[in-house]
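Below: the structure, in structure tokens.
Proteins get letters first, then strands, A, B, ... in listed order; numbering begins at 1 in each. On a predicted model such as this, the values are computed, not experimentally measured, just so you know.
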Amino acid sequence: MIHIVTPENQHLFRGEMDQAYRLRHRVFVEEKNWTDLARSDGREIDQFDNEHAVHMLYIEGSKVLGYQRMLPSTRPHLLSDVLPQLCEDERPVGEHIWEWTRYCVEPAHRERGRTLSPVANALLSGIVEWGLENGVSSIIIQMNPLWLLRLVQLHFRTIPLGLPQRIGDEDVVAVTASFDHRTLVRLQEMRGKSQRVLAEPWRPVQRLAG
Amino acid sequence: MSRKSFEKTVEFIRNLEGARNPAEVCGMLLSSAKQFGAEYVLAGIIPRPGVGRQQQVSGVVLDHWPQEWSRRYFSHGYIFRDPAITTVRRSSFSFLWSEIEPLYRSDMTARRVMDEAGDFKLKQGFTIPLATLDGDIAGFSIAGEQLEVSPEERGVLTLLATYAFGRSILLREKEQATTIKLTPREREALQWAAEGKTEWEIGEQMGISEHGVDKHMRSAREKLGTRTRAHAVAEALRLQLIK
């Protein structure tokens, strides 16, 4: 299940957010070697982890196995403040455009050379479900162009914002990826289920009625 | 320069939406690849080691490659000796064939594959690794007598390759979905299998024997080109033959 954490409910997820920051540190600092992000307390937190960020946590039992963060394009975000050189075009801004960052999955729950792992699928499905319900139709992504094909195959309509560039020891390209109901259906087919992945702790009654 | 090549790339990507089949994608790609000196394009899923020739060939998605060479290449099993293929498997970076020469300098067979390719007008090439949704590795190559690819153009080619390949796979899926025809009974059996039922339970549901179920499942597997029941279910879901 994907839990969305925002300022309104963060008091309910203190332990899980702590796990999420530690997962980020393990993946981005220790594994990917993004040493700029290193912190002595082992929790990777940056200037964008503020009240505008929407955190999405894949939680099983009480363990956080996957994480990603959405930032509004109308506020400072990575493409505007950290990696503007990736954007050759006019920078996309709007209520319906959010930036997808810090996607990470516990090593034991990754693909291992097969199709999308259940955690990866749920995280992507989480974005689409959340987006369709909140008027968000497009996300900004900075990623290795190697993964771009997968998004195309998942029926995300992606358009590059610039040419790929070498950053550190990785190639990175910025794209916008738009999605719609077809994207959701495709992800559901891939996991063989059509249940929601998003938990809805605040609206249980509506859920039963719907 | 960078601005202009970026704009041309986006234009290419937008035009791809209008392609109706992989052959048209290939045509668009060739006219774009000319600027780098390339006359040939080949792209496909890299077969896992040991698979037969039929499956190797069915992995090809975009094909404008010297025919004589392809025939020779597949019939001699060169795909498992080709140093460009070996490199695609191991690395996530694109490369000019000349750059991997040190890797196979001492491997006689690999050298022969590259030298022979040169005899078929594939003297210089550029290859890009791609990762598909199914977890396969795909390779995308352009080649010709003489290639000219600047560092910035590597990025351009990576994008052209990704989108052309992606578009072709989606178009191919559509084609397959319209050509594969399951009988209602085959579809029903697969549908129950997708819901986790055993052969016996499916038989109960359909009012036929386990043996009868087996027959429907086997024929569905064959039509879908899959070996296992799980793969057949996944494929049928993907092609939207079942829900």
Per-residue contact mode, B:Val10 against chain A (heavy atom under 4.5 angstrom): side chain
At a heavy-atom distance under 4.5 Å, which candidate from A:Gln165, A:Arg157, A:Gln188 has the highest pair count against chain B? A:Arg157
So what's closer than 4.5 Å to chain B heavy atoms on A:Leu151: side chain, backbone, both or neither? neither
Is B:Ala131 in contact with chain A via its backbone, its side chain, both, or neither, using a 4.5 Å heavy-atom distance? both
For chain A, the option from B:Ile128, B:Leu130, B:Leu159, B:Ile13 that forms the most heavy-atom pairs under 4.5 Å: B:Leu159
Please determine whether a side-chain nitrogen of the Lys or Arg among B:Asp214 and B:Arg221 lies less than 4.0 Å from a carboxylate oxygen of the Asp or Glu. no
Nearest heavy-atom neighbours spanning A:Phe179 and A:Ile127: CZ-O, 4.1 Å
For B:Glu173, which atoms come within 4.5 Å of any heavy atom of chain A: side chain, backbone, both, or neither? side chain
For atom CG of A:Asp169, is the number of surrounding heavy atoms from other residues, nucleotides or ligands below 6.0 Å larger than 12? no
Only one of A:Gln68, A:His55, A:Glu44 forms a side-chain hydrogen bond (donor to acceptor under 3.5 Å, both in side chains) with A:Arg102, so which one is it? A:Glu44
Which atoms of A:Asn121 come close to chain B, meaning under 4.5 Å heavy atom to heavy atom: side chain ones, backbone ones, both, or neither? neither
With a 4.5 Å heavy-atom cut-off, do A:Val175 and A:Ile159 have their side chains touching? no
Against chain A, label B:Arg154 side chain, backbone, both or neither, depending on which of its atoms sit under 4.5 Å from a heavy atom there. neither
Less than 4.5 Å apart, side chain to side chain, heavy atoms only: is that true for B:Arg185 and B:Glu188? yes
With a 4.5 angstrom heavy-atom cut-off, could you sort out which part of A:Thr158 is near chain B: side chain, backbone, both or neither? both
Is chain A contacted by the side chain of B:Thr162, its backbone, both, or neither, given a heavy-atom distance below 4.5 Å? both
Examine whether an atom of B:Glu195 lies under 4.5 Å from a heavy atom of chain A, and if so say whether it belongs to the side chain, the backbone or both; otherwise answer neither. neither
Highest number of heavy-atom pairs under 4.5 Å with chain B: which of A:Leu149, A:Asn144, A:Asp89, A:Val152? A:Leu149
May I ask you to decide if A:Val197's main-chain N or O and A:Glu129's side chain share a donor-acceptor pair within less than 3.5 Å? yes
Are the aromatic ring centres of A:Phe13 and A:His3 under 6.0 angstrom apart? yes
